[in-house]
Protein chains: 2
Amino acid sequence: MPQGTRERGRPRSFDTQAALDRAVEVFWRQGYEGASLTDLTAAMGISRPSMYAAFGNKDDLFRRVVARYAEIDMAYAREALEQPTAYRVIESFLRANADALTRTDRPAGCLSIQGGLAGGSDRGRIARFLAESRLAGERALAARLAAAVAEGDLPPGTDPDALARYVTVVSEGNAVHATAGADRASLHATVDFALQAVPRRPGVVG
Amino acid sequence: MPQGTRERGRPRSFDTQAALDRAVEVFWRQGYEGASLTDLTAAMGISRPSMYAAFGNKDDLFRRVVARYAEIDMAYAREALEQPTAYRVIESFLRANADALTRTDRPAGCLSIQGGLAGGSDRGRIARFLAESRLAGERALAARLAAAVAEGDLPPGTDPDALARYVTVVSEGNAVHATAGADRASLHATVDFALQAVPRRPGVVG
DNA sequence: CGAATTCGATACCGAACGGTATGGAAATCG
DNA sequence: CGATTTCCATACCGTTCGGTATCGAATTCG
């Protein structure tokens with residue numbers, strides 16, 4: 001099937017996926033506005049026209065970057081949801097988050113936070129997009145916790161939305177700290193405290 | 001005494017403090033880079049040369065703005081430290097923080113976070129400056145909690161630095177949420193959870 | 001091979017950026 | 001009043017921004 005849809009003309013000489021991965025790092029480190037096209041194309045190893053032909057414009061590239069980041073660098077969040085108990089879902093998420101925020105082979109912190117927070121004019125669009133992206137993760141966690149409440153894995157009366165929000169807040173705060181240079185042990189010590197507040201079904205250890 | 005140091009020439013025709021307060025709002029809403037000199041001087045009601053004469057340059061203005069913000073809008077943090085018990089220090093801080101992040105007469109969120117997080121070249125200077133500013137607050141809280149441990153107000157073995165970091169993380173995470181549009185009740189619900197993790201001396205209610 | 005097509009490098013566009021030179025108006029001194 | 005000093009408005013500086021027009025080289029189809 002891919003044989004039949006062979007393209008005419010000179011084929012693209014760079015790997016778009018690889019170029020996208022380079023762009024992830026630049027946006028991650030420098031934020032949306034802080035990443036200039038010169039920075040981006042230099043890191044991607046391609047010229048400006050090539051970038052525009054392959055990805056559209058800076059906004060489109062950024063959205064592709066965020067999607068790729070969610071797929072690769074946030075995979076741990078989806079995996080955490082598969083843990084058998086609510087407590088272990090939360091523990092797994094916060095632990096993996098602390099690790100991800102302090103990987104030595106990647107920029108410190110979290111792209112969807114340092115990508116852009118404040119909102120003036122067109123910049124607000126980016127901030128809103130990232131906020132919605134984070135909210136989607138919070139909602140997925142809330143849905144998992146709601147199921148846990150329904151099956152008695154969390155105490156009755158527990159508000160799954162509020163608990164999901166609390167866990168997300170801790171992860172975001174840790175992201176801010178990681179960006180500021182906090183080390184991995186510090187983040188895990190914070191997770192130690194945070195887990196104390198997670199309600200548990202009586203008599204269950206893990 | 002102020003009479004003797006009367007200045008020569010035409011006196012400044014605007015109130016520098018009032019102009020600074022206007023600049024606080026612009027930087028708060030739009031961040032360091034997102035706030036252009038055109039935005040700033042328009043809000044301050046003065047011309048560019050007047051701004052440069054009164055404040056130096058954009059960097060200097062921002063530092064003055066952050067100092068003013070800390071003095072006015074973070075006053076609650078210093079007041080919280082005066083509470084009689086460690087628990088009430090933390091509770092007071094997180095409650096007042098949640099309120100401050102959602103004041104209707106001020107921008108949502110926290111200047112020292114949305115002012116600038118990511119760091120490329122010169123932008124890194126601003127991010128570092130703000131990180132140090134936040135760290136100073138965390139250290140002040142840690143010192144207060146260390147005193148609480150010493151006087152038996154917190155369980156022996158409690159790590160005051162780690163606890164202060166945890167509380168700061170929650171406040172920062174709430175700031176991220178507030179910037180994204182979370183309402184006051186949501187933030188307080190998160191504080192409800194967060195307080196569950198704060199160690200308390202046995203037998204003491206508040 | 002020749003035609004069609006798409007590649008990528010260079011060079012450029014108008015707009016906005018932070019910052020400043022200039023010059024007339026206003027206020028204070030002697 | 002006359003001299004001095006400082007104010008503020010305009011207009012401008014070089015640089016960088018996101019985005020694009022141009023054009024020769026490369027590749028594939030018929």
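Just so we're on the same page: letters track the sequence lines, and every chain starts at 1.
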For Ile126(B) and Asp59(B), what are the C-alpha separation, side-chain angles and deciding distance, and is it a side chain to side chain contact (heavy atoms under 4.5 Å, CB included)?
CA-CA 8 Å; Ile126(B) 297 296; Asp59(B) 261 51; 4.2 Å; yes
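Test Arg165(A), Glu172(A), Arg134(A) against His177(B) for side chain to side chain donor-acceptor pair (under 3.5 Å) and you get one pass: Glu172(A).
With respect to the salt-bridge test (charged N to carboxylate O, under 4.0 angstrom), the residues Asp153(B) and Arg88(B) do not qualify.
Within residues 39-52 of chain A, the residues that have a heavy atom under 4.0 Å from DNA chain D are, in order of number, Arg48(A), Pro49(A), Tyr52(A).
In this structure, Phe62(B) atom CZ and dG18(C) atom P are separated by 13 Å, rounded to whole Å. Look at CG on Asp59(A): it is 11 Å from C1' on dG18(D), rounded to the nearest Å. Between Glu33(A) atom CD and dT16(D) atom P there is a gap of 17 Å when expressed in whole angstrom units. Rounded to whole angstrom, the span from the NZ atom of Lys58(B) across to the C1' atom of dA16(C) amounts to 12 Å. In this structure, the CD atom of Gln30(A) is 14 Å from the C1' atom of dT16(D), given to the nearest Å. What separates CG of Asp15(B) from P of dC7(D) is a distance of 15 Å, to the nearest Å.
Counting any heavy atom pair closer than 4.0 Å across all strands shown, Ala54(A) reaches no nucleic acid atom.
When distances are taken from the side chain of Leu37(A) to each of dC8(D), dG18(D), dG19(C), the shortest belongs to dG18(D).
For dA16(C), neither phosphate oxygen OP1 nor OP2 lies less than 4.0 angstrom from any side-chain nitrogen or oxygen of Ser36(B).
Ring-plane geometry between Phe27(A) and Tyr32(A) is classed as parallel, the angle between the planes falling under 30 degrees on a 0 to 90 degree scale with a further cut at 60. The aromatic rings of Phe193(A) and Tyr166(B) lie parallel to each other, their planes meeting at an angle below 30°, with 60° marking the opposite boundary.
Relative to the ring axis of Phe129(A), Arg63(A) places its NZ or CZ within 45° and under 6.0 Å from the centre.
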